[in-house]
There are 2 protein chains.
Amino acid sequence: MKSEKISELTTNRLSIYLRCLNELAAEGSKTVSSDNLAKRFHLNSAQIRKDLACFGEFGVRGVGYYVEDLRQQLTKILGLDHHHRVGIIGAGRLGTALTDYYGFRQTNFEVAALFDADREKIGTVVSDVKIYDVRDFAKIADRQGIDVAVIAVPAEYAQRVLEMIVASGIKAVMNFAPTPLLADEEIKLKTIDLTISLESLSYFLAGSGKNGKE
Amino acid sequence: MKSEKISELTTNRLSIYLRCLNELAAEGSKTVSSDNLAKRFHLNSAQIRKDLACFGEFGVRGVGYYVEDLRQQLTKILGLDHHHRVGIIGAGRLGTALTDYYGFRQTNFEVAALFDADREKIGTVVSDVKIYDVRDFAKIADRQGIDVAVIAVPAEYAQRVLEMIVASGIKAVMNFAPTPLLADEEIKLKTIDLTISLESLSYFLAGSGKNGKE
DNA sequence: ATGCATTCGTGACGTTTTTCACAAATTGGT
DNA sequence: ACCAATTTGTGAAAAACGTCACGAATGCAT
């Protein structure tokens, strides 16, 4: 166990390990070795051990990891034993699609409210979630206990929306607008930029398949 | 100019640079320095110069980069001067939301067809795009000239869908199913795993804001 | 009990990515 | 024509990340 700061690459992999452990637990496996885990994806077993070692000594030499135990540990480390309430800003196609994205429920996130500026939409309900006026964001976010915000508005509004979110005291933000946003250090901002991913495919196709890989 | 293999991190940044150059061009700027570009996001100017140097010497010492020229160069490098036709497998919430995601059009991608296994959906039209039977994928993909596939089905079907896509000869795939997929070397597979990103936020919140950053 | 097979935890090593720092090229003013 | 101010391109240094290899701990068979 080394309690230096943990890289995001490591925590991302923890998510993958946990998913696998959940499957193993469902299958009834009692223990699993790092080598075994590594083979499921094509990872290196030493990396898995190192990732886990950041948080404690969960394994038993000669045995491996106890599936159920490690599962619970990772669930706790990733904070998935806590419920989170999500507010989505932007009730367009993407925002509404996310509203009943089952990945949210699966990971203990609940979409509590949608926000939009369009008067036509305000007051209506999508998948049991009400659409509020974005101008009331701080008030509703507070009343609803929202602790995670999702930005699903056009790029040109994203920075302003982010500032509104931060001003309301929310610390975790997921951004789908295709633009890099500037935020204070104490905010966790995660940008999912589909355009970059698309252009990455485009680059690959332009190079006419000279290089492959993930 | 060094024509070794270029890392994905580099090409991803090219996308960001290009976006910025498009804005600068729209604003009427003639030239821009790497330092100037670097300040817009918070990147290092040397990195920008190195990224660009992978593809040629586009800058002029003492001046910077000619916005319009660099814009065209990057557009070409990223293959954005070519049109691509996209097939989306899975006509659920996500698949249909993606269908009129304007980022596609912006980047010269066009959603040509949707595919689903649900008989209720097959034959209907979403945002001018027809939903076909997924069992006819190879045939339709060929007929429609589809060269990019998007996987928007539940995780348990994703691997099988990928194999179907690969079998039909398509080389570029974007996967939204929250599971790592195995693909051959010659395929470009890009996985966008929202669950991992969510859990990353959860991890941050669990650590109660001890560390921030992007 | 002892030995053998297994598997973790980790220090050492190698690779990749980022940052630094400076020579070389260019412009504009005098 | 020269000097000062810029700003690129790039080798070298630093940092981050991944892999290897091995000592230490454990279980099982004899």
Side-chain angles (χ1 to χ4, degrees), chain A residues 1-14 16-17 20-21 24 29-67 69-71 73-74 77 180 196 200 211 213-214, chain B residues 1-17 20-21 24 29-67 69-70 73-74 77 180 196 200 211 213-214:
Chain A
M1 157 95 111
K2 41 173 76 169
S3 47
E4 296 155 41
K5 59 184 166 188
I6 282 112
S7 122
E8 176 131 0
L9 295 172
T10 295
T11 61
N12 286 351
R13 281 190 297 265
L14 291 190
I16 296 176
Y17 304 155
C20 190
L21 287 164
L24 287 168
S29 303
K30 285 295 189 187
T31 65
V32 66
S33 69
S34 59
D35 208 51
N36 198 318
L37 268 177
K39 273 168 195 147
R40 304 225 161 198
F41 337 101
H42 23 180
L43 280 175
N44 182 293
S45 66
Q47 181 159 69
I48 295 179
R49 293 197 298 276
K50 270 215 165 135
D51 285 340
L52 296 175
C54 291
F55 299 94
E57 300 204 359
F58 303 128
V60 180
R61 294 170 193 216
V63 179
Y65 298 91
Y66 290 104
V67 172
D69 174 51
L70 187 55
R71 204 177 71 77
Q73 297 275 7
L74 289 186
I77 290 165
I196 289 176
S200 167
N211 47 357
K213 294 198 173 184
E214 154 72 338
Chain B
M1 158 97 110
K2 43 172 76 170
S3 48
E4 296 155 43
K5 58 185 167 190
I6 282 112
S7 118
E8 176 129 1
L9 295 171
T10 295
T11 61
N12 285 351
R13 282 191 297 266
L14 291 190
S15 290
I16 296 176
Y17 306 154
C20 192
L21 287 165
L24 286 169
S29 302
K30 284 296 189 185
T31 65
V32 66
S33 70
S34 60
D35 207 52
N36 197 320
L37 269 177
K39 273 169 193 146
R40 303 226 163 196
F41 340 101
H42 22 178
L43 280 176
N44 182 293
S45 66
Q47 181 158 69
I48 295 178
R49 293 197 298 276
K50 273 223 161 127
D51 285 341
L52 296 176
C54 292
F55 299 94
E57 301 204 358
F58 302 128
V60 179
R61 297 172 190 213
V63 178
Y65 298 90
Y66 290 104
V67 171
D69 175 51
L70 187 56
Q73 297 277 5
L74 290 186
I77 289 165
I196 289 177
S200 167
N211 47 355
K213 294 200 177 182
E214 154 73 340

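The chains referred to below are lettered A, B, ... by the order of the sequence lines, with proteins before strands, and numbering in each begins at 1. Only this structure's heavy atoms are used, side chains among them; waters, hydrogens and symmetry mates stay out.
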Check nucleotides 12-15 of chain C against the protein and report each pair of N or O atoms closer than 3.5 Å, with its distance, or say if there are none.
residue: C:dA12; atom: N6; partner: A:Lys50; partner atom: NZ; Å: 3.0

Give each protein N/O atom lying under 3.5 Å from an N/O atom of nucleotides 14-16 of chain D, with the pair distance.
none

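Legend: residues meeting side chain to side chain contact (heavy atoms under 4.5 Å, CB included) with A:Ser34, ordered by chain and number and at least two apart, are A:Ser45, A:Ile48, A:Arg49, A:Tyr65. A:Thr11 meets the side-chain hydrogen bond (donor to acceptor under 3.5 Å, both in side chains) test with no other residue; sequence neighbours excluded. Applying the side chain to side chain contact (heavy atoms under 4.5 Å, CB included) rule to A:Val63 yields the partners A:Thr31, A:Val60, A:Tyr66; only residues at least two apart in sequence or on another chain are considered. Under the side-chain hydrogen bond (donor to acceptor under 3.5 Å, both in side chains) criterion, A:Ser33 pairs with no residue at all, not counting sequence neighbours.
In terms of phosphate contacts, B:Ser34 brings a side-chain nitrogen or oxygen within less than 4.0 Å of OP1 or OP2 of D:dT8. At C:dG9, one or more side-chain N or O atoms of A:Tyr65 fall inside 4.0 Å of OP1 or OP2 (strictly under the cut-off).
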Open item on the list: Test side chain to side chain contact (heavy atoms under 4.5 Å, CB included) on B:Arg13 and B:Leu43; report intermediate values, then the result.
Closed with: CA-CA 10 Å; B:Arg13 282 191 297 266; B:Leu43 280 176; 4.3 Å; yes

Open item on the list: For B:Tyr17 and B:Val32: C-alpha separation, side-chain torsions, deciding distance, then whether side chain to side chain contact (heavy atoms under 4.5 Å, CB included) applies.
Closed with: CA-CA 11 Å; B:Tyr17 306 154; B:Val32 66; over 6 Å; no

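Sorted by first then second residue, the salt bridge (charged side-chain N to carboxylate O under 4.0 Å, His left out) pairs that include residues 35-45 of chain A, not counting sequence neighbours, are A:Asp35-A:Lys39.
Heavy-atom distances under 4.0 Å link DNA chain D to A:Asn44, A:Ala46, A:Gln47 of residues 40-48 of chain A, given in residue order.
Secondary structure note: stems in DNA chain C built from 3 or more consecutive Watson-Crick or G-U wobble pairs under 3.5 Å occupy C:1-30 with D:1-30.
Look at CG on B:Asp35: it is 13 Å from C1' on C:dC20, rounded to the nearest Å. When rounded to the nearest whole Å, the span between CG of B:Leu37 and P of D:dT8 equals 9 Å.
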TODO: Would you give a per-nucleotide map of nucleotides 22-30 of chain D, 5' to 3', where B means the base has a protein non-hydrogen atom under 4.0 Å away, S means only the sugar-phosphate does, and - means neither?
DONE: -BBBBS---

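Pairing each heavy atom of A:Ser200 with each of B:Asn12, the nearest pair is CB-OD1, 4.0 Å. Nearest heavy-atom pair, A:Arg71 versus A:Leu21, reported as atom, atom and distance to 0.1 Å: CD-O, 3.9 Å.
Nearest-nucleotide assignment on DNA chain D puts the 5′-proximal partner with B:Val32, out of A:Thr10 and B:Val32.
The closest side-chain heavy-atom distance from A:Leu52 to A:Leu14 is below 4.5 Å. When side chains are defined from C-beta on, A:Phe55 counts as touching A:Ile6, because their heavy atoms get closer than 4.5 Å.
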